[in-house]
Number of protein chains: 2
Amino acid sequence: MRDPEATLRQHDLPVTAQRVAVLRAVSRHPHATADELAEGVRGELGSISRQSVYNVLNVLTDKGIIRRIQPADSAALYEDRIGDNHHHLVCRSCGRTEDVNCAVGEAPCLKAHSHHGFKIDEAEVIYWGTCPACQKKRR
Amino acid sequence: MRDPEATLRQHDLPVTAQRVAVLRAVSRHPHATADELAEGVRGELGSISRQSVYNVLNVLTDKGIIRRIQPADSAALYEDRIGDNHHHLVCRSCGRTEDVNCAVGEAPCLKAHSHHGFKIDEAEVIYWGTCPACQKKRR
DNA sequence: ACGAAGTTTTGGACTTTGTCAAAATCCCTG
DNA sequence: CAGGGATTTTGACAAAGTCCAAAACTTCGT
């Protein structure tokens, strides 16, 4: 995130210390949970309420400034990188999450559209597997 | 599910009334939550504890007899249909969930494997959109 | 069938993740 | 720099699951 304050203004959001700090924390820690981000913000601001972290994350997500992903068995994760149609790779045993560029062009399996009369607007892909570290442990 | 009892025995699971009833409920109501299934079971058995429903669903899921999906903003959903690599279509506003046969052959975007050294075992795809009923309401 | 041994089921407390509402505070415009 | 509207804080609450110990049940060998 180049300039958090400018980004907020571009979206008509009043600039507050909490918002700037949360944005920076998301930038610094991609795929972090709300609680982890709160910790990150506290390192910068000294303190922030749990509710504010949620408020800010919700506003930023609604405005499309950040993106929320919610893999099974995990709290919601937030990330900076948006609008580039990438997907995620999640370790089943430790939860480690990595970005994966879409394997099938732009809107991946979006070919499935118009099924059941639904109007599809996004195809979310999560690759489940085992990360290198966890592969070693299991042996 | 042809024969719940036989299925349980095949997997070395003691046959209990609760397990049979839960299996039947999952069969009858694809994409139902644990609570909804509990209600279904109560219609059949009279009563079952919440914990037993979770125990049974967990055991069945571990054994691969049923499958659990966990779309964002929803409790876990359970289904009968397994091993056929199908995906899901979820309505953003009402949560209605439908099956979708994979658009891209067998293991869809599994081509992304070996990324980051992960050993990938599943590619989960969720199509997000708006179902016909909710499209009407919005207009 | 019967009883012992091992599982399941129960019921209640607890945890995690997140939301609601009201009061206090802050940001931005004039 | 004052005022109004938005934001943050605080504390209570809700949903979905899990943990635990005790009671009840299944299963298996005889």
Side-chain angles (χ1 to χ4, degrees), chain A residues 4-26 31-42 44-63 65-78 95 97, chain B residues 4-23 25-26 31-42 44-63 65-66 68-78 95 97:
Chain A
E5 307 199 13
T7 304
L8 291 171
R9 290 209 182 81
Q10 279 162 30
H11 291 267
D12 292 313
L13 291 173
V15 174
T16 68
Q18 289 84 345
R19 282 177 179 162
V20 172
V22 168
L23 258 177
R24 274 208 279 260
V26 172
H31 311 137
T33 64
D35 272 352
E36 287 161 358
L37 292 170
E39 274 316 299
V41 170
R42 293 199 180 98
E44 188 175 329
L45 284 189
S47 80
I48 189 173
S49 69
R50 197 168 59 113
Q51 185 62 54
S52 291
V53 175
Y54 281 110
N55 287 162
V56 172
L57 290 173
N58 285 339
V59 172
L60 297 178
T61 302
D62 288 348
K63 291 281 185 178
I65 299 172
I66 61 177
R67 182 174 160 205
R68 168 168 35 216
I69 62 173
Q70 292 178 252
D73 302 317
S74 151
L77 308 178
Y78 296 86
T97 301
Chain B
E5 306 198 14
T7 304
L8 291 170
R9 290 208 181 83
Q10 278 162 30
H11 291 269
D12 292 312
L13 291 173
V15 175
T16 67
Q18 289 83 347
R19 283 179 178 158
V20 173
V22 169
L23 258 178
V26 172
H31 311 135
T33 63
D35 273 352
E36 287 161 358
L37 292 170
E39 274 316 299
V41 170
R42 293 202 179 97
E44 189 175 328
L45 285 189
S47 81
I48 190 174
S49 70
R50 196 167 58 111
Q51 186 60 55
S52 290
V53 175
Y54 280 112
N55 286 163
V56 173
L57 290 172
N58 286 339
V59 173
L60 297 179
T61 302
D62 288 349
K63 292 280 184 179
I65 300 172
I66 61 175
R68 168 169 36 218
I69 61 173
Q70 293 178 251
D73 303 315
S74 151
L77 308 179
Y78 296 86
T97 301

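Lettering of chains follows the sequences in order, A, B, ..., and the numbering in each one begins at 1. Please read all numbers here as calculations on a predicted model, not as lab measurements.
Annotation: side chain of His11(A) is in contact with side chain of Thr7(A) (closest heavy-atom distance under 4.5 Å). Taking the side chain as every heavy atom from C-beta outward, Gln18(B) and Val41(B) never approach each other to under 4.5 Å. Contact annotation: the side chain of Leu23(A) approaches that of Ile66(A) to within less than 4.5 Å [non-hydrogen atoms, C-beta and beyond]. In this structure, the side chains of Val56(A) and Ile48(A) stay at 4.5 Å or more apart for every pair of heavy atoms.
Rounded to an integer number of Å, the gap from Asp62(B) CG to dT7(C) C1' is 16 Å. With rounding to whole Å, Asp73(B) atom CG is found 12 Å from dT19(C) atom C1'. Computed from coordinates, the Gln70(B) CD to dA16(D) P distance equals 12 Å when rounded to whole Å. Separating the CD atom of Glu5(B) from the C1' atom of dT27(D) is a distance of 14 Å, rounded to the nearest angstrom. As rounded to whole Å, 15 Å separates atom P of dA16(D) from atom CG of Asn58(B). One atom, CZ of Arg68(B), and another, C1' of dG17(D), lie 10 Å apart when rounded to the nearest Å.
For Arg19(B) (side chain) and Pro14(B) (main-chain N/O), a donor-acceptor pair under 3.5 Å exists by modelled atom type. Not a single donor-acceptor pair under 3.5 Å links the side chain of Arg68(A) to the backbone N or O of Ala76(A).
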Notebook entry, point to check: Hey, mind stepping through Leu60(A) and Leu8(A) against side-chain contact (heavy atoms from CB on, under 4.5 Å) and telling me if it holds?
Noted result: CA-CA 9 Å; Leu60(A) 297 178; Leu8(A) 291 171; 3.9 Å; yes
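Contacts of residues 7-15 of chain A with DNA chain C (heavy atom under 4.0 Å): Pro14(A), Val15(A).
The CD1 atom of Ile69(B) sits 11.5 Å away from the OG1 atom of Thr61(B) when rounded to the nearest 0.5 Å. Note that OH of Tyr78(B) and CG of Leu57(B) are 4.5 Å apart. Values are rounded to the nearest 0.5 Å. With rounding to the nearest 0.5 angstrom, the CZ atom of Arg42(A) is 8.0 Å from the OG atom of Ser49(A). Considering CD of Gln10(A) and CG of Asp12(A), their distance stands at 10.0 Å, rounded to 0.5 Å.
Summary of helix geometry: the two end axes of the helix from dA1(C)-dT30(D) to dG30(C)-dC1(D), each defined by five base pairs via their C1' atoms, are inclined to each other by 40° (rounded to 10°).
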Filtered N/O pairs between nucleotides 9-13 of chain C and protein, under 3.5 Å:
from	atom 1	to	atom 2	distance (Å)
dT9(C)	OP1	Thr16(B)	OG1	2.8
dT9(C)	OP1	Gln18(B)	OE1	3.4
dT9(C)	O3'	Gln18(B)	NE2	3.3
dT10(C)	OP2	Ser49(B)	N	2.8
dT10(C)	OP2	Ser49(B)	OG	2.7
dT10(C)	OP2	Ser52(B)	OG	2.6

